[in-house]
Amino acid sequence: MGQTPESQLIEQRLQKLDAIRDLGIEPYPYRFEPTHYSVDIVASFDALNASGDEVRVAGRLIVTRGHGKAAFADLRDAKGRLQIYVRLDNVGDDAFALWKLLDIGDFIGVSGQVFKTRTGQISVQVQTLVLLTKAIRPLPVPKEEIRDGERVVHDQFSDKELRYRRRYLDLALNPDVQAVFRKRSAVVSAMRDFLDTRGFLEVETPVLQPLYGGASARPFVTHHNVLDMPLYLRISDELYLKRLIVGGLEKVYEIGKNFRNEGIDRTHNPEFSMLELYQAYADYSDMMAIAEALYAFVAEKVNGSTTLEYQGREIDLSPPWPRIPMLDAIERYGGIDVARSSDADLRAACKRFDFDIEPGAERGLLINALFEACVEPELIQPTFITDYPIAVSPLAKRHRTKKDLTERFEIFINGWEAANAFSELNDPIDQRQRFAHQKTLRDRGDDEAQVLDEDFLMALEHGMPPTGGLGIGVDRLVMLLADAPSIRDAILFPHMRPKEGLDDYG
RNA sequence: GGGCGCGUAGCUCAGGCGGUAGAGCAACGGCCUUUUAAGCCGUGGGUCGCAGGUUCGAAUCCUGCCGCGCUCACCA
């Protein structure tokens, strides 16, 4: 037992735990069957009051207001909070003795009839009280009041580090946080709904891959002991989903985690969720139509509207979205006419924007760098940027008319890359050459260049039909729809550096 | 990785011109059988992130480290 004051608080609760057992009460029983959620009782009060039916409610004790031989308290369950009234006369000596040994944070179940207090507060008149779980650590509940109909929270549990590290407390104490993750679930459900009704098949492909591919990023590496070989956590599921198109599944999607060994910031977490979908016989124009419709469908389903406010900024997801070829965008926002610019001109332009560019960088990379510098931040409303340079798009098909470009688009919303799509490259000879080109980039020191995957090439050599593919970042979509300022607010357990000495109690 | 800021009781925060710590909530004891940020009386609780340095003396000033946040650069 430690010497910290926190351990004193724990010690007090452990003593109560013993006292509860001394009363012959098991503090960790097995089950309880509620009849109602808190909010249901409030919603159907009149009927419950008229019938006199007994209700059973379970939840976490979040506040008590004792009055000697009686007490009011609030329970919080998954849907809201409810006042209960515990009175010695009604519950009897034993249950009231138990009541005195309860703490904020304990889970309890109660049964009794509903009633309204003198001030009109809907409450449960407790007849029986059972302890469902004793909490031995203090729950840092804030105080709340209802002022002018608004919920006002005092001393809210707000330390970001603690909120992320102990997300369960964040969820238990901040209903708004629960709402974000309920919304996240609704987003994923809506995606499935949208795709399933359009005949897409949901599949699962390997997370542990002998080679990583499908994106330009550094991977996490692990090791298989029995096979004694390295394995990579996938940076993308793209190459496996395309194999399924080769196999004739025609319309497939996967919602899953990708892992990229890169920096962490407000819009990047080392593991993040992507929706990737592939459709045979389709091209990137079809993917644009699907993407617009999907975003609008999800927003409507989840928020009831295709317009939203993100961090004070109005964003309208209603289709159709503007489609701007990358070179046009660079001219419009950066004033640079790429077609008439020499490589040296582009290099000079990059310098003007004050960012480092590899001395030997080829034209496509220069164009992409200029785009990122002068266009991306401007793209607040949803926008398709189309027709990327071949050099930065090793898995995309060459543009049917535009030289040196591919049939690729990315969606930008709020200045973020929100999605990425191509007419998929299905020419195995061209694909092999692209991989070869990536290798030269890698040999020049680009450790994010893609690696040659012979097994994938073999699949392409067996024939992949023309295919459109689309990848959508799930976390960023949740951020937008939930108005979450950081990706950490859209991921239940965001990555945190390990911290030693969080607690000396054990 | 660079810059800026933060780290004090279980939680939310004061103190910060150097003289070894305060409040509210939570907790504990007492009173209270319709309260709702319940109330009243009383009590306990702190290696002031960690390690050095300056000083007679450091929560306070300096340096390094750790963690977190914001931001810039790179990546979705």
Side-chain angles (χ1 to χ4, degrees), chain A residues 3-13 15-16 62-74 81 83-91 96 103-105 115-121 123 125 137-147 151-166 169 173 214-218 235-236 258-274 276 354-356 369 372-373 410-412 416-420 447-448 471-477 485-488 496-505:
Chain A
Q3 300 303 313
T4 64
E6 185 176 20
S7 73
Q8 293 171 20
L9 294 173
I10 291 169
E11 182 56 34
Q12 286 167 354
R13 287 176 173 232
Q15 284 168 12
K16 290 180 181 177
I62 53 168
V63 58
T64 61
R65 296 178 285 279
H67 291 267
K69 296 185 175 59
F72 289 96
D74 291 353
R81 60 194 282 169
Q83 177 168 276
I84 63 171
Y85 185 47
V86 181
R87 196 176 147 121
L88 173 61
D89 296 347
N90 290 325
V91 300
F96 204 75
D103 286 295
I104 286 171
F115 78 110
K116 269 189 186 169
T117 64
R118 210 155 54 188
T119 58
Q121 171 87 40
S123 310
Q125 179 84 54
R137 276 181 191 272
L139 188 69
V141 285
K143 288 282 184 179
E144 2 182 317
E145 63 175 321
I146 306 297
R147 188 185 290 167
R151 177 170 166 266
V152 180
V153 181
H154 303 270
D155 300 332
Q156 183 160 30
F157 179 69
S158 58
D159 181 271
K160 283 195 175 171
E161 184 174 355
L162 270 184
R163 285 183 45 217
Y164 297 143
R165 286 190 194 279
R166 304 195 198 174
L169 290 180
L173 300 173
S216 299
R218 288 189 296 265
I235 58 174
S236 163
N258 289 338
F259 306 84
R260 297 190 186 172
N261 210 336
E262 313 274 3
I264 300 172
D265 64 26
R266 198 169 22 149
T267 55
H268 297 85
N269 195 62
E271 55 182 288
F272 64 102
S273 297
M274 286 270 285
E276 289 217 23
D354 198 31
F355 53 84
D356 295 331
E372 289 177 358
E410 291 188 320
I411 294 170
F412 290 87
W416 306 332
E417 184 185 338
N420 184 21
D447 55 3
E448 288 177 0
I472 292 177
V474 174
D475 312 278
R476 289 180 181 179
L477 178 53
S486 165
I487 198 169
R488 290 185 154 175
M496 300 289 279
R497 288 201 167 109
K499 187 172 182 178
E500 298 299 323
L502 273 177
D503 188 10
D504 64 353
Y505 175 76

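Keep in mind the model is a prediction, meaning the values are calculated, not measured. Chain identifiers are assigned alphabetically (A, B, ...) following the order of the sequence lines, protein sequences preceding nucleic acid strands; residue numbering begins at 1 within each chain.
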**Q** Using the aromatic ring of F72(A) (for Trp, its six-membered ring), decide whether it stacks on the base of rA38(B) within the limits of 5.5 Å and 30°.
**A** no
**Q** Just by distance, with hydrogens left out, do E448(A) and S216(A) show a side-chain donor and acceptor under 3.5 Å apart?
**A** no
**Q** Which nucleotide in the list rC11(B), rU35(B), rA37(B) gets nearest to the side chain of T117(A)?
**A** rU35(B)
**Q** Have a look at V63(A) and say if it touches a base, only the backbone sugar-phosphate, or nothing, with a 4.0 Å heavy-atom cut-off.
**A** sugar-phosphate
**Q** Need one value for E448(A): base, sugar-phosphate or nothing, where a base atom within 4.0 Å counts as base even if backbone is also close, heavy atoms only.
**A** sugar-phosphate
**Q** Using the salt bridge (charged side-chain N to carboxylate O under 4.0 Å, His left out) criterion, which residues pair with E145(A)? Sequence neighbours excluded.
**A** R147(A)
**Q** Identify each atom pair where a protein N or O and an N or O of nucleotides 64-68 of chain B are less than 3.5 Å apart, giving names and distance.
**A**
{"residue": "rG67(B)", "atom": "O3'", "partner": "R165(A)", "partner atom": "NH2", "Å": "3.0"}
{"residue": "rG67(B)", "atom": "O2'", "partner": "E161(A)", "partner atom": "OE1", "Å": "3.2"}
{"residue": "rG67(B)", "atom": "O2'", "partner": "E161(A)", "partner atom": "OE2", "Å": "2.3"}
{"residue": "rG67(B)", "atom": "O2'", "partner": "R165(A)", "partner atom": "NH2", "Å": "3.4"}
{"residue": "rC68(B)", "atom": "OP1", "partner": "R497(A)", "partner atom": "N", "Å": "2.9"}
{"residue": "rC68(B)", "atom": "OP2", "partner": "R497(A)", "partner atom": "NH1", "Å": "3.4"}
{"residue": "rC68(B)", "atom": "O4'", "partner": "E161(A)", "partner atom": "OE1", "Å": "3.0"}

**Q** With rounding to whole Å, what would you report as the distance between rC13(B) and rC56(B) at their C1' atoms?
**A** 33 Å
**Q** Before giving the answer on salt bridge (charged side-chain N to carboxylate O under 4.0 Å, His left out), spell out for D89(A) and K69(A) the whole-Å C-alpha distance, their side-chain angles and the decisive distance to 0.1 Å.
**A** CA-CA 8 Å; D89(A) 296 347; K69(A) 296 185 175 59; over 6 Å; no
**Q** With nearest nucleotide decided by heavy atoms, which residue, D155(A) or K143(A), maps closer to the 5′ end of RNA chain B?
**A** D155(A)
**Q** Can you find a side chain N or O atom of R65(A) that sits less than 4.0 Å from OP1 or OP2 on rG39(B)?
**A** no
**Q** Starting at CD of Q156(A) and ending at C1' of rC13(B), how long is that distance when rounded to a whole Å?
**A** 14 Å
**Q** Under a 3.5 Å cut-off for both contacts, is rA21(B) paired Watson-Crick or G-U wobble with anything, and if yes, with which nucleotide?
**A** none
**Q** Please state whether the phosphate of rU35(B), meaning OP1 or OP2, lies under 4.0 angstrom from any side-chain nitrogen or oxygen of R118(A).
**A** yes
**Q** Only pairs with both distances under 3.5 Å count, Watson-Crick or wobble alike; so what is the partner of rG16(B) in this structure?
**A** none
**Q** Whom does rC48(B) pair with, Watson-Crick or G-U wobble, provided both distances fall under 3.5 Å?
**A** none
**Q** Choose from rC13(B), rC11(B), rA76(B) the nucleotide whose nearest atom is closest to any side-chain atom of S158(A).
**A** rC13(B)
**Q** Taking pairing as Watson-Crick or G-U wobble with both contacts under 3.5 Å, can you name the mate of rC4(B), or confirm there isn't one?
**A** rG69(B)
**Q** Whole angstrom is fine here: how far is it from CD in E145(A) over to C1' in rA38(B)?
**A** 12 Å
**Q** Measure from the side chain of D265(A), starting at C-beta and using heavy atoms only, and say which of rC74(B), rU35(B), rA76(B) lies closest.
**A** rC74(B)
**Q** Identify the nucleotide, in any strand shown, that forms a Watson-Crick or G-U wobble pair with rG39(B), with both distances under 3.5 Å; if there is none, say none.
**A** rC31(B)
**Q** Can you check the distance between rG16(B) and rC62(B), where both ends of the measurement are the P atom (answer in whole Å)?
**A** 16 Å
**Q** Have a look at F157(A) and say if it touches a base, only the backbone sugar-phosphate, or nothing, with a 4.0 Å heavy-atom cut-off.
**A** sugar-phosphate
**Q** Could you check R260(A) against E271(A) for salt bridge (charged side-chain N to carboxylate O under 4.0 Å, His left out), going step by step and ending with a plain yes or no?
**A** CA-CA 7 Å; R260(A) 297 190 186 172; E271(A) 55 182 288; over 6 Å; no
**Q** Can you tell me how far P in rA26(B) sits from the matching atom in rA21(B), rounded to whole Å?
**A** 26 Å
**Q** Would you say the base of rA38(B) stacks on H67(A) (centre-to-centre below 5.5 Å, plane angle below 30°)?
**A** yes
**Q** Quantified in whole Å, what is the C1' atom distance between nucleotide rC17(B) and nucleotide rG52(B)?
**A** 25 Å
**Q** If we ignore hydrogens and angles and just use 3.5 Å, is the side chain of D475(A) paired with the main-chain N or O of S273(A) as donor and acceptor?
**A** yes
**Q** So that I can tick it off, tell me whether D155(A) and K143(A) are bridged by a salt bridge, with the cut-off set at under 4.0 angstrom between side-chain N and carboxylate O.
**A** no
**Q** With heavy atoms under 4.0 Å as the rule, sort G66(A) into base, sugar-phosphate or nothing.
**A** base
**Q** Quick one: do the Q83(A) and R65(A) side chains pair a donor with an acceptor below 3.5 Å?
**A** yes
**Q** Quick check against the 3.5 Å criterion: does E262(A) have a side-chain atom that pairs as donor or acceptor with the backbone of A217(A)?
**A** no
